[in-house]
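Here is the structure we will look at.
Counting starts at 1 for both ligands and their atoms, following the listed order. Reckoned from all heavy atoms, side chains included, excluding hydrogens, waters and symmetry mates.
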Amino acid sequence: MTTTSSKLRHAAGLQVRRLSVSYGPEPVLKDLSFTLPAGASLAIVGESGCGKTTLLTTLAGLLEKDSGDVVWCDASGAAIPRLHSSFVWQNLGLLPWKTVRDNLALPLKLRNARRNPAESTTLRDAMLDELGLSRFADRTPAELSGGQRQRLAIGRALIAAPDVLFMDEPFSALDALRRERLQDFLADMQRRRPLTMIFVTHDIPEAVFLASHILLLAASPPRVLELYENPSWESDRHSGDRESPKYAEAIRHVHARLREACAAANKGASA
Ligand SMILES: Nc1ncnc2c1ncn2[C@@H]1O[C@H](COP(=O)(O)OP(=O)(O)OP(=O)(O)O)[C@@H](O)[C@H]1O
């Protein structure tokens, strides 16, 4: 589906310069810098507690930084003053008392109060169709399967055509097969609209399948190990190819870098 509003929007690029964030005296993120081109997909990976969610929520503007810059720009490099973004949380944040149809329509109501109601209805029904949820439109989220709920949450995040989609481990509660199906679904959704996606995952194959760039973080001291440009990600598919040797190679690379960092941290701790 290409909506009127999505035609007007452009995926955003990102420049992060010397970003520091703390909750207490010790910074969780310190002097972190990287650049992401417009329309890219960024996976944030790293050991537990290294600051992945902290970085995601800071980039989304939901957490205050101590210092540094987070600058969003369009494909020509011009700064975007007011970013239009959506967030899919781990618990999905669907409203349990509302129907699938009403959950989906919520962002249109909140963000586009002036939109013509008929246009909102058309957008909502087209999205229900795209999500494969038309038959379930009158159900509540509790009456859906886990995968259907995840699709609804992603559809709700995308319906108002954000520049950036933030996701914090949205598929972590699913088994491996349903997870792969949703990864395919997400790549497919992304192919159809201009969008920058930034997400946290513990699943390295998921990062390599969905992300053009993978940010490897480490703790103690907090740092970027590498911003890895994923050689297996193909822009026309908006994903990697699980069958390709490059895909396996990218997974090996990310595993090896994280293992090295973990081993170095353990050595430092026991020295
Ligand atoms: N609200 C908070 N107040 C104080 N400390 C916090 C808060 N949130 C996170 N932290 C601490 O900041 C550090 C980074 O947390 P964060 O959740 O960003 O890590 P993460 O890499 O996403 O972890 P995980 O992979 O386990 O989800 C951790 O040491 C955590 O205990």
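The option with the heavy atom closest to atom 28 (C) of ligand 1, from among A219, G51, G49, is G49.
The protein heavy-atom contact nearest to atom 17 (O) of ligand 1 is T53 CB, 3.8 Å. The protein atom (non-hydrogen) at minimum distance from atom 6 (C) of ligand 1 is Y23 CD1, 3.3 Å.
Under a 4.0 Å N-O distance rule, the pair K52/E169 does not qualify as a salt bridge. K246 has no carboxylate O lying under 4.0 Å from a charged side-chain N of E249, or vice versa, which leaves the two without a salt bridge.
Between the side chains of T99 and D138, no donor-acceptor pair of N or O atoms lies under 3.5 Å. In this structure, a donor-acceptor pair under 3.5 Å is present between the side chains of R17 and Q15.
Other residues, nucleotides and ligands contribute over 12 non-hydrogen atoms within 6.0 Å of the CZ atom of R237.
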Q: Tell me, with the steps shown, if R179 and Q150 meet side-chain hydrogen bond (donor to acceptor under 3.5 Å, both in side chains).
A: CA-CA 10 Å; R179 214 176 159 124; Q150 306 269 348; over 6 Å; no

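Ligand-side atoms of ligand 1 in range of K52: 18 (O), 19 (O), 20 (P), 21 (O), 22 (O), 23 (O), 24 (P), 25 (O), range being under 4.0 angstrom from any heavy atom. Heavy-atom proximity to T54, at under 4.0 Å, picks out these atoms of ligand 1: 14 (C), 15 (O), 16 (P), 18 (O). With ligand atoms numbered from 1 in the order given, ligand 1 contributes 25 (O) to contacts under 4.0 Å with heavy atoms of H202.
Protein heavy atoms are found less than 4.0 angstrom from atom 26 (O) of ligand 1.
Residue contact annotation: G46 has no non-hydrogen atom under 4.0 Å from ligand 1.
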